[in-house]
Amino acid sequence: MAVKRVRFTFPENLIKEPIIHKLGHEFEVITNVRMADVDEHTGWVVLELEGAAEEIERSLSWAQERGVRVDPVGGDVVEG
Amino acid sequence: MSFATNLRCRECAREYPLEARHVCDFCFGPVEVTYDYEGIRKAVSRESIAKGPASLWRYKDFLPCDIENAVDIGAGYTPLIRAKHLGKALGLNNLYLKNDTVNPTWSFKDRVVAVASTRARELGYEKLACASTGNLANSVSAHAAAAGMEAVVFIPHDLEENKILGSSIYGPTLVKVRGNYDAVNRLCAELAGSYNWAFVNVNVRPYYSEGSKTLGFEVAEQLGWRAPDHCVAPIASGSLFVKIRKGLQELHKAGLIDEPKTRMSGAQATGCSPVATAWQEGTTTFRPQRPNTIAKSLAIGNPADGYYSLVQMQETDGACGSVSDPEIVDGIKLLAETEGIFAETAGGVTIASLKQLAEQGRIHPDELTVAFVTGIGFKTAEAVAGALKPPLEIDPQLESFEAAYNVRVPEGVA
C-alpha cells in the first residue's frame with residue numbers, strides 16, 4: 001500500500017461536483033481530507049490518498065481529466 | 001549555539017523537534033522554526049552584530065544552526081544602495097536597492113542554501129539535492145562542494161547549456177528530467193520523499209527559508225537600525241517575500257529596532273502571476289498556473305507561500321505588481337542605465353513592478369522604499385540581447401568615429 005499527499009484545485013465549473021466522493025467509489029483508494037478552502041468560485045483541498053500505487057496514479061489521472069489541477073502538497077518543488 | 005527551539009505548524013500550531021520535515025503530519029500545513037526570543041534578546045546587541053563577519057553569519061543568533069558548523073562561501077551582507085537616479089526616474093524621493101546580485105553564485109539563493117546546507121550537515125545528511133532551472137542549482141552545487149557533500153541536482157531536459165555550466169563547474173551529479181513543468185515537479189516531489197537526502201527546498205525547507213530573513217536584518221542595519229517604510233520584492237514561492245518581514249519583526253522582538261510598520265508589496269511576471277491575480281481579485285485563494293514568462297527564476301505556478309504572501313499584503317496595506325515580458329526587459333535596462341546594476345529577469349520584474357506601483361500611486365513618493373534585486377543579469381543575458389543598441393563600428397580614422405558618433409549622439413563630441 002502506498003500513501004500520497006496531494007492538493008486538488010477545483011475550477012468554478014467543478015465546485016458543485018462531488019469529485020472526491022466519486023474518486024473513492026471509482027477507485028480502490030481511501031481519501032482523507034486534511035485541509036480545504038472552498039467558496040462558490042474556486043477551491044482547494046489537501047488530501048491523503050491510500051491504496052496501491054498504480055491505483056492512486058489512475059485515480060489522479062481521472063481527476064485531472066475532469067479538470068482538477070493536481071499538485072504536490074507544499075507547493076512546487078522546481079525553483080529558479 | 002542556536003536559539004532555535006522547535007518547528008511549529010503555521011496552521012494548527014502543533015510543534016515538532018528540529019528535524020527534517022516541511023509539513024505538519026496532522027493538517028499538512030507548513031512548519032516554521034521558532035526561537036527563544038528572550039535568549040536572543042539577552043545575547044545580541046547592535047554592537048555585537050556589527051563586530052560579526054561581513055556575511056549573513058553576523059546574524060547567527062537568529063538562524064536555526066550553529067555558526068561553528070557554517071557552510072560559508074561568503075553569502076550575504078550585500079550592498080544597500082541609495083538609488084537617486086532610478087528614484088528620480090520613477091518619482092520616488094527615498095529609494096534604495098538591495099543588491100543581491102553580488103552573492104557568491106550571484107543570486108539571493110546563496111542565503112537560503114547557506115542555512116539549508118549547514119543544517120543538513122548538522123542533521124547528518126551527506127547528500128544535498130534540489131530541482132531547479134538556475135539560481136538554486138548553482139547555489140546548491142557550490143555549497144555542497146564547499147561542505148564536502150555530494151550534490152544531486154535535477155534540471156528540466158531543455159535547460160540552456162549556459163545555465164547548466166553555472167552548476168556543473170562545481171561537480172554535482174546533474175540529472176536532466178524529460179517532461180513538462182508539472183511532470184518534473186511531481187517527480188521531484190516523489191524523489192524528495194523516497195531518499196534520505198536533504199532536498200533543500202523540501203524536507204529542510206523550514207531551515208532553508210530562514211536564510212531569507214537576513215535580507216530584512218541587513219536592510220535594517222544598513223539603514224541605521226530602522227525598518228523601511230515600504231519593501232518591494234519579487235514573489236516566486238513567496239518565501240523571500242514573507243521572510244523579509246519576519247526578519248524585521250525579529251529585530252524588533254530582540255529590541256534592536258522600533259516596531260516595523262513596513263508595507264510589503266510583491267512583484268510578479270504576468271506570465272506566472274498566481275499571487276498578483278489573487279491580489280487583484282481581492283482574495284487570498286490563488287489559482288495555480290502553468291508558467292509562461294521569460295522570468296524563469298520566478299516561474300512557480302503553485303507557490304508554497306502564496307497564501308501567506310497575500311495575507312501579508314493585506315496586513316501591511318501592500319500591493320502586487322504584474323508586468324509583461326517587454327516591461328521586464330525595460331525594467332532590466334532602466335536599472336542598468338540609471339544605477340549601473342545588471343539584474344536578471346527577476347530584477348526586471350521588481351523594477352518594472354516598482355514603476356507600475358509608483359505610477360498607480362501605491363508607493364508614496366517620500367516613503368523610504370527598498371527594492372530587492374535578487375540575481376545577476378549575465379544568467380539571463382538572452383532576455384535583453386535583442387533590445388540593446390549595437391556598438392558603433394568605425395574605420396580607424398577620426399572622421400569615421402565622428403560621423404558615426406554624431407549619428408548616435410545628436411549633440412556631437414563637444
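We name chains A, B, ... by the order of the sequence lines, and we start the count at 1 in each one. Below, each value reflects all heavy atoms present in this structure, side chains not excepted, and no hydrogens, waters or symmetry copies.
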Enumerate, by atom name, each donor-acceptor pair separated by under 3.5 Å where one atom lies in chain A and the other in chain B.
residue : atom : partner : partner atom : Å
A:R34   : NE   : B:F26   : O            : 2.8
A:R34   : NH2  : B:D25   : O            : 2.4
A:R34   : NH2  : B:F26   : O            : 3.1
A:D37   : OD2  : B:T285  : OG1          : 3.3
A:D76   : N    : B:N302  : O            : 2.9
A:D76   : OD1  : B:N185  : ND2          : 3.4
A:D76   : OD2  : B:Y181  : OH           : 2.3
A:D76   : OD2  : B:G301  : N            : 3.2
A:D76   : OD2  : B:N302  : N            : 3.1
A:V77   : N    : B:N185  : OD1          : 2.6
A:V77   : O    : B:N201  : ND2          : 2.6
A:V78   : N    : B:N185  : OD1          : 3.2
A:E79   : N    : B:A131  : O            : 3.0
A:E79   : O    : B:S132  : OG           : 3.1
A:E79   : O    : B:T133  : N            : 2.9
A:E79   : OE1  : B:K109  : NZ           : 2.5
A:E79   : OE1  : B:Y208  : OH           : 2.8
A:E79   : OE2  : B:N201  : ND2          : 3.3
A:E79   : OE2  : B:R205  : NH1          : 3.2
A:G80   : O    : B:S132  : OG           : 3.1
A:G80   : O    : B:L136  : N            : 2.9

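Neither the backbone nor the side chain of A:L60 comes within less than 4.5 Å of any heavy atom in chain B. With a threshold of 4.5 angstrom between heavy atoms, A:V70 approaches chain B through N, CA, C or O but not through any side-chain atom.
No other option in B:P303, B:A189, B:P288, B:A299 has as many heavy-atom pairs under 4.5 Å with chain A as B:P288. Of the listed residues B:C130, B:G134, B:C24, the one with more heavy-atom pairs under 4.5 angstrom with chain A than any other is B:G134.
Residue A:E26 places its CD atom among more than 12 non-hydrogen atoms of other residues, nucleotides or ligands, all under 6.0 Å distant.
Residues meeting the side chain to side chain contact (heavy atoms under 4.5 Å, CB included) test with A:H25, sequence neighbours left out: A:H21. Here A:R66 pairs with nothing under the salt bridge (Lys or Arg N to Asp or Glu O under 4.0 Å) rule; sequence neighbours left out.
Counting only residues at least two apart or in different chains, ring-ring contact (aromatic ring centres under 6.0 Å, His included) contacts with residues 59-80 of chain A comprise A:F27-A:W62.
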